[in-house]
Amino acid sequence: MKGNKGSDTPGVDEKTMRTDILNKDFKKVLKEVKNQFQHYTPNMVRRVHIPKDNGETRPLGIPTIVDRVVQECIRSVLEPICEAQFFEHSYGFRQWRSTEHALSRVTDVVQKTGYHWVIEGDISKFFDTVNHTKLIKILWSFGIQDRRILMMIKAMLQSGVMDEIIKSDLGTPQGGIISPLLANVYLTPFDNFVTREYERKKLRKEYSSGQRSLILRGLSGKPRIKPIPCYLIRYADDWVVVTNSKKNAEKLVYKYEKYLRETLKLTLSITKTKITNVRSKAIEFLGYKYKQVRGKAEKGYISRTKPIEDKLDKKIIELLKDIKMLKKCKDTETLISDINIINSKIRGLINYYQVTTWGSESMKKYNQRVRWAAYRAIRRRLGAKSAKGKNKKVDWMRANLCTNLIELHSNYTTTLPTLKYKEHVIGVTDLAFIKFQQPTLFNQMETPFTKEGRERHLTRLRKRPKQFRLDFIFGADAMATRRLLANKKKKKRLYNFEFYLNRAYAFNRDKGKCRICGKEIAPHEIETHHVNPNLTTELVNRVSNLASLHASCHNDMHNLTLTETLLLAKGYTTTSVKKILNFRNKLAMNSL
DNA sequence: CATACACATAC
RNA sequence: AUUGUAUGUGUAUG
Ligand SMILES: Nc1ncnc2c1ncn2[C@H]1C[C@H](O)[C@@H](COP(=O)(O)OP(=O)(O)OP(=O)(O)O)O1
């Protein structure tokens, strides 16, 4: 939560993460949060309207920091329970799943089944129309039946909006920490409704299409109509169903609309819901366009994906505006840092669209405009003569000669607008440096909620597992924490809530070893030293200012009567002594 | 190897 | 000051 951009944006009270959690006393914070769980009365949410992409506005509901903490507590226990019951091809708001997975699922289904009639569904004002009582019932059906938890969730949902009179029993705040989880819970019955007749039944024989008899016999022996073949891919309230004919698509839309309206009290925007033959027209999903086109070989179709043009258009216009602002930079240093920001914006766009087969073609349309805008803006900033003569500061340089983004730029000899400053050659990166990456399907076994799933994840990313269970060593009831709390003569300013959090990260960084003697530290002897205790409250407890030590090493380091020779006599190695002296030096220097 | 902080995208 | 969940990239520090 503290890493969130909004952590210093208050709700209806004035409280922020920095002033009211991190800088506060550890025990006080714990107590305040625990108190919330006695009789939970959440604050109202603060209403802020932000512009949406389509010109309308989005009403945010910003909870107070304490309410965010409480919501996070509840989210973290509910999530594993819910996850086990979510639909496998729901990709929104879920760990380790992404838009890329959703997109590749769509193309994969279409390619392998040959079905090319697609329904694009859109639920109006989704978060704002979630029905509270229905939601609680669905949670119950998920097996979440603890009255206390359900009452707290109900309270969160009903805590009205500041400055708005009407208290309704509709909606979960856009901005609430549990809202995305609740949204997926709420649509799970819909997932089941869509998939239970066909997709779920066919799980074992995935994709084997069309060759079964038209009539199946149910248990009663009564002939049953063969279910309409259909596959659902959902991302939050945005969903796509792939089926085999226009007629069937129409039937399904009819059924789905009725179900959503009658059972979930949601409106399927009929005007926005479209039925498309992806062999003749593209669908739009998650910022991507997708259609099938004839392949080079006579028969068969291949997938083509690309960015939605007008969305990309808008982004590029924004980008060009930013680039033009470069000419207003105060000095060369801010110019460089602004170029880096421009570069990360360009990289961001490339990164999102590199999974599209036609991404490169789309980017090339804007390429030249962006390059020249950048060149002119930098030249304007530094004056016309900076682009003339032998040692031009502003110049076109080959990408592989730039000193920034080396890993990327070294693969290209395209010229880029560059700025030379000291030893650096800073290039404005190019939209055309987009390289198609085949989007991957989500591996259903790879989830953070099982031991095996976590292992698969680590091996795929070629990472090593975390060595320590930080919550065991540093949790509120852990030995190291109790010992610290028992220590009476500690300075309040240093030992605030942030310290309790960050000492765990420092310990992990130090690999559980003492920064003085290099030996492992057992849980009962961990102490965390402030390298420079005189920094401001915001800086003292940064991980970079903390060092994990043995309690004894820590003591000896602070005990100035122990001279170098006495330390050696005590059995410290020469390198350990050096480290002790180093720490002492830093303390002495900074206390001046 | 780790964390923290910028940017991007989806909803 | 524009909140949240998720994904991805880059830079910096040890
Ligand atoms: N920036 C955001 N912050 C918080 N929640 C968001 C944000 N963007 C989207 N959401 C959540 C709340 C939305 O109800 C839900 C679906 O988003 P979206 O389809 O874009 O709008 P919407 O369903 O609220 O209105 P509509 O589709 O009628 O325009 O995702």
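Naming: A, B, ... by sequence-line order, numbering from 1 per chain.
Taking the side chain of A:I62 as heavy atoms from C-beta on, and the options C:U2, C:U5, B:dC11, the nearest nucleotide is C:U2. In this structure, of C:U2, B:dT3, B:dA10, it is B:dT3 that holds the atom nearest to the side chain of A:V543. Residue A:S344 has its side chain nearest to B:dC7 when only C:U5, C:U2, B:dC7 are considered. Closest to the side chain of A:Y352, from the set C:U5, B:dA10, B:dA2, is B:dA10. The listed nucleotides are B:dC11, B:dC7, C:U7; the one nearest the side chain of A:A236 is B:dC11. Distance from the side chain of A:N508 is smallest to B:dA2 among B:dC7, C:U5, B:dA2. Closest to the side chain of A:N351, out of C:G8, C:U2, B:dA4, is C:G8. Of the candidates C:U5, C:U7, B:dA4, the closest approach to any side-chain atom of A:N4 belongs to C:U5. Relative to the side chain of A:Y505, the nucleotides C:U3, B:dT3, B:dC5 differ in distance, and B:dT3 lies closest.
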Could I get a table of every N or O pair under 3.5 Å where one atom is in the protein and the other is in nucleotides 11-14 of chain C?
none

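For the OP1/OP2 pair of C:A6 and a distance below 4.0 Å, the side-chain nitrogens and oxygens of A:R75 include at least one atom meeting the criterion. In this model, the phosphate group of C:U9 is not approached by any side-chain N or O of A:K345 to a distance below 4.0 Å at OP1 or OP2.
Looking at A:K586 and A:N532, their side chains never come closer than 4.5 Å, going by heavy atoms from C-beta outward. Side-chain contact between A:Y288 and A:T99 is present, with heavy atoms from C-beta onward closer than 4.5 Å.
Here A:E309 pairs with A:K289 in a salt bridge; the nearest charged N to carboxylate O distance falls below 4.0 Å. Ion pairing between a basic and an acidic side chain is recognised when a charged N comes within 4.0 Å of a carboxylate O; A:R515 and A:D510 show such pairing.
Both cation-pi conditions hold for A:R304 and A:W358: the charged atom is under 6.0 angstrom from the six-membered ring centre and inside a 45 degree cone around its axis.
Looking at heavy-atom distances under 4.0 Å, A:R97 makes contact with sugar-phosphate atoms alone, never a base. No contact: A:G92 has no heavy atom under 4.0 Å from any strand. Across all strands, A:L349 comes closer than 4.0 Å only to sugar-phosphate atoms, never to a base (heavy-atom distances).
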The test is side chain to side chain donor-acceptor pair (under 3.5 Å); show your working for A:H457 and A:N443 and say whether it passes. CA-CA 10 Å; A:H457 191 64; A:N443 177 354; over 6 Å; no
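Pairing partner, C:U13: B:dA2, with both Watson-Crick or wobble hydrogen-bond distances short of 3.5 Å.
Taking every heavy atom of residues 174-187 of chain A and every atom of DNA chain B, no pair lies under 4.0 Å.
Taking the ring centroids of A:W96 and A:Y91, they lie at or beyond the 6.0 Å cut-off. The six-membered or imidazole ring of A:H89 lies away from that of A:F442, with a centre-to-centre distance of 6.0 Å or more.
Side chains of A:Y366 and A:D313: a donor on one and an acceptor on the other come within 3.5 Å.
For the pair A:I339 CD1 and C:G10 P, the computed distance is 19 Å after rounding to whole Å.
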